[in-house]
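Data first, discussion second: the structure below is written as structure tokens.
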Amino acid sequence: MATLSYGMIAVIVIFVIILLWGISTYNNLILLRERYNNGFSQIDVQLKRRYDLIPNLVETAKAYMKHENETLEAVIAARNSAYAAEQKVVGDPTDPAAMQALVSAESQLGGVLGRLMAVAESYPDLKANENMLALQEELTSTENKVSFARQAFNDTVTQFNTRREQFPAVMIAGMLGFKKAELFELTNEEERQAPAVKF
Amino acid sequence: MDFFSRQDVARRKTKWLVFYFILSVVVMILMIYAGAIVIHSFRNKVPLQKWHPDIFFAVTIGTLLVIILGSLYKVLALRDGGKVIAVMLGGQRINPATSIFVEQQLLNIVEEMALASGIPVPPVYLMKNEDGINAFAAGYLFDDAAIGVSHGALEYLNRDELQGIIAHEFSHILNGDMRLNIRLIGLLHGILLIAMIGYFTLRIVGFSSRGSSRNKKGSGGVIIVVLAIAFLLLVIGSIGQFFARLIKAAVSRQREFLADASAVQFTRNPDGIAGALKKIGGITQQSFLNSPEAETVSHMFFACGLKKLSFSGFATHPPLKARIQRIDKHFDGKFPKLQKAKKHSSQQPQKSKKSTSIPPILPGAAALPGFPNSIPLDPLLVVAAVGAPTAQHMDYAKRLLASLPHELRQATHDMFSARAVVFALLLDTDDSIRRAQIALIEASEGEPTMKETSRLFDLVQAQPTEYRLPLIQMVQTSLLSMTLPQFEQFRKTVNCIVKADQQLGMFEFVVQRSLILQLDRHFEKRRPPKVNYVAVQGIAKQAGELLSILVHAGHQDGQEAQTAFAQALSPLKLQPTVPLTPRKECSLSLLKDSLDVFVKSSPAIKKRLLGAAVVAVTTDGKVTVSEAELLRAIADSLDCPLPPIVPGVTSKK
């Protein structure tokens, strides 16, 4: 009986340790996932602000750039598709496909915005417009906030992915429904320069 | 009863809790042992014998191991502060820069209360899947607290009612209930684990033995024994659970009345919290929670979170009717029937956003009339207000927030700009030093941050100096969203800026002592210090130094300083008295050293020290802004939430 009892204790203790490990891994992953969700909400607020600013910017530019309708429409189209992609990510920030779509839409938007700014260079009246200057300033500061928040978001995503793929955790992460998270990385060179455009 | 004695009470309660807990563990061990010897005699067909040393030790060691492992694990997991619990319950952090009207309103309420009670603004979590009206506060200390609010609460309650609920939660934070709550969860988890093991073993063994019932006969006996033991564990674990829930409920219930009463005192508006309680009674979902984790933390909530209660001994909250009647004597027990309020349908936000998010901007430095550079006040009231802010502090916080320029307030809500706010506050007024500091910021944080800092510097400069402390409290919640590398960079930059002028100013000291220390705790999970000193005599030297620094900060004249020092020293009743440290030897590093000692003292000592500190700065009847900042730094170091020093509060004696 004694041997059985000690055996039982050993079994129970091992069982408890496995159980606790499982729960702790699960909770840890949940916490990390919440952290990158929160990271995305930091970006989200600024992106929304930016999507609100762009139509105003285009409206202001329209009055001066009579012959650049094509560029202006491209900006609006890119803004709308980026907005739609962003809505999808807000619905489920853990969905990698939605995040990829947003990243590419954002890169495109950055590209056309950069082009608009380049074209605007040749309209001195527009450059001097106070409204335009204020919008520009606001856009730049929003871009700065986005890039800081994006850095934080990517840090937290990397942390989550690393934790997810570490040895014992990797065995249950998939089972518990933790998908690999996607980075918010804008690789497009044109886009990177977009916020730097100055009058 | 003041803040310090409530802290003591919370600590004593923990001791009782541990006693009850040990008692139930002992009872459980004895019960398992009794079950085990019955199984033993039954299986080996020997007559029942009372004493089996080997079984007894096996049972004791096994049970203790499980409970200790389980409790330890849970307490460690919860040590990370309130956010862990918030996330466990399905909460999502509300972004400080949110554009949704009701969320903004909620954050405004929380911000006002945090400023009024002198604690950093806690992050707020929204439990999106909870349609009942409920809320909770969780955390280990003031600086890692989190507040959670259910979706239903935002949906149904108006501003006053929401404020009542939040005030109730704040009083839990200030009364030291949160730490007790977390310990409660931890201890009970160990007991829960015993029942869980029984349950899982029963499931697993029962399931696999059915599949292999044609196995060799020998294993059959073992399986029966294992099943019997598992069943035993399940039954006894459940009984243990039963008592554990009784303890938890009993501890929790008495504190709810206290928190309700403090909330009324705090907001001076009994209709707010009473209205919220009535609405809970009026909706079908009441305050019930859907989260499977709700049971574990049911005692942390504003109102009862569990739908099925077999009997009232389990209730973690007093009945709604009784709670309302304590606040509103005329309540007849009839709850209003409520329809889902269409409070934040999609069109509302834009409309009301303008009216609430842009506060009326009062003209510049004269924003708070009668707010001169020094404030007359009563030392007794200052100490009494620690952890128990009054409606006056609320009014003050409200006015302060309303007069803060919208742009500046917005900057505190975004982590990029919040950093810049801190940098801007630290910039020197001397042009050449400031230029060097700005260059430093550009070098370490980049051009965008540098530009934001310069922009905010002009805004910050235009504000009265009283705004510096509240701003520091406000940025903290945004800064928590940084990642560790970003925070490390931030801390490095702050250090560089502080060192740029070759001397440590009072405000710089406050930033390092309050903000950076608290962020450090968050990012590096540093634990609060243990109590080492329970007698003032042991730290007499440091007390003398601390008071000398305060006295010199407010008095130029040597004779005046001597008198003030003697007055400040008298409530400490030191024998023999310590001498006044000469002005030359008083430095902020000396202050830092003495504070490091006081952190480790008991609440009773902290109270006397803080009292003496207040006397030291008030003997001349005036408190300058830098004295107030120094007091705050001291209070923060001692983990005492010191409400803002409000002009014109005089003793009613």
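Heavy atoms only: backbone and side chains are in, while hydrogens, waters and symmetry mates are out. Keep in mind the model is a prediction, meaning the values are calculated, not measured.
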Tell me, yes or no, whether the heavy-atom count around [X] atom [atom1], taken from other residues, nucleotides or ligands under 6.0 Å, exceeds 12.
{"X": "A:Asp52", "atom1": "CG", "answer": "yes"}
{"X": "B:Phe231", "atom1": "CZ", "answer": "no"}
{"X": "B:Tyr199", "atom1": "OH", "answer": "no"}
{"X": "A:Lys48", "atom1": "NZ", "answer": "yes"}

Please report the shortest heavy-atom distance between [X] and [Y], naming the atom on each side.
{"X": "B:Val84", "Y": "A:Leu31", "value": "CA-CD1, 4.1 Å"}
{"X": "A:Ala149", "Y": "B:Met415", "value": "CA-CE, 3.6 Å"}
{"X": "A:Glu34", "Y": "B:Gly91", "value": "OE1-O, 3.6 Å"}
{"X": "B:Ser481", "Y": "A:Asn38", "value": "OG-ND2, 3.6 Å"}
{"X": "B:Ala97", "Y": "A:Val45", "value": "O-CG1, 3.4 Å"}

Practice task
Could you tell me whether the side chain of B:Asn95 and the main chain of A:Ser41 form a donor-acceptor pair under 3.5 Å?
Solution key: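 Here the side-chain-to-backbone pair exists.
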
Rounded to the nearest 0.5 Å, what separation is found between the [atom1] atom of [X] and the [atom2] atom of [Y]?
{"X": "A:Asn154", "Y": "B:Thr483", "atom1": "CG", "atom2": "OG1", "answer": "10.0 Å"}
{"X": "A:Gln46", "Y": "B:Asp414", "atom1": "CD", "atom2": "CG", "answer": "4.5 Å"}
{"X": "A:Phe148", "Y": "B:Thr449", "atom1": "CZ", "atom2": "OG1", "answer": "7.0 Å"}

Practice task
May I ask you to name which of B:Arg419, B:Met482, B:Glu452 has the most heavy-atom pairs under 4.5 Å with chain A?
Solution key: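 That would be B:Arg419.
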
Measure [X] against the heavy atoms of chain A and call it side chain, backbone, both or neither at under 4.5 Å.
{"X": "B:Phe56", "result": "neither"}
{"X": "B:Leu484", "result": "neither"}
{"X": "B:Leu69", "result": "both"}
{"X": "B:His413", "result": "neither"}

Handout entry: Residues from residues 20-29 of chain A approaching chain B under 4.5 Å (heavy atoms)
Key =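 Residues in range: A:Leu20, A:Ile23, A:Ser24, A:Asn27.
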
Practice task
Please list, chain by chain and in numerical order, all residues satisfying salt bridge (charged side-chain N to carboxylate O under 4.0 Å, His left out) with A:Arg49, sequence neighbours excluded.
Solution key: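 Scan of A:Arg49 (salt bridge (charged side-chain N to carboxylate O under 4.0 Å, His left out), adjacent residues dropped) gives A:Glu138.
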
Practice task
Using a 4.5 Å cut-off on heavy atoms from C-beta on, say whether the side chain of A:Ile30 contacts that of B:Met88.
Solution key: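 They are not in contact (no side-chain heavy atoms under 4.5 Å apart), so the answer is no.
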
Exercise for the section: Could you go through the side chain to side chain contact (heavy atoms under 4.5 Å, CB included) check for A:Thr140 and B:Lys451 one step at a time? Expected result: CA-CA 11 Å; A:Thr140 312; B:Lys451 281 198 165 149; over 6 Å; no

Handout entry: Top of A:Gln159, A:Arg33, A:Gln42 for chain B proximity - count of heavy-atom pairs under 4.5 angstrom
Key =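 Highest number of pairs under 4.5 Å: A:Gln42.
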
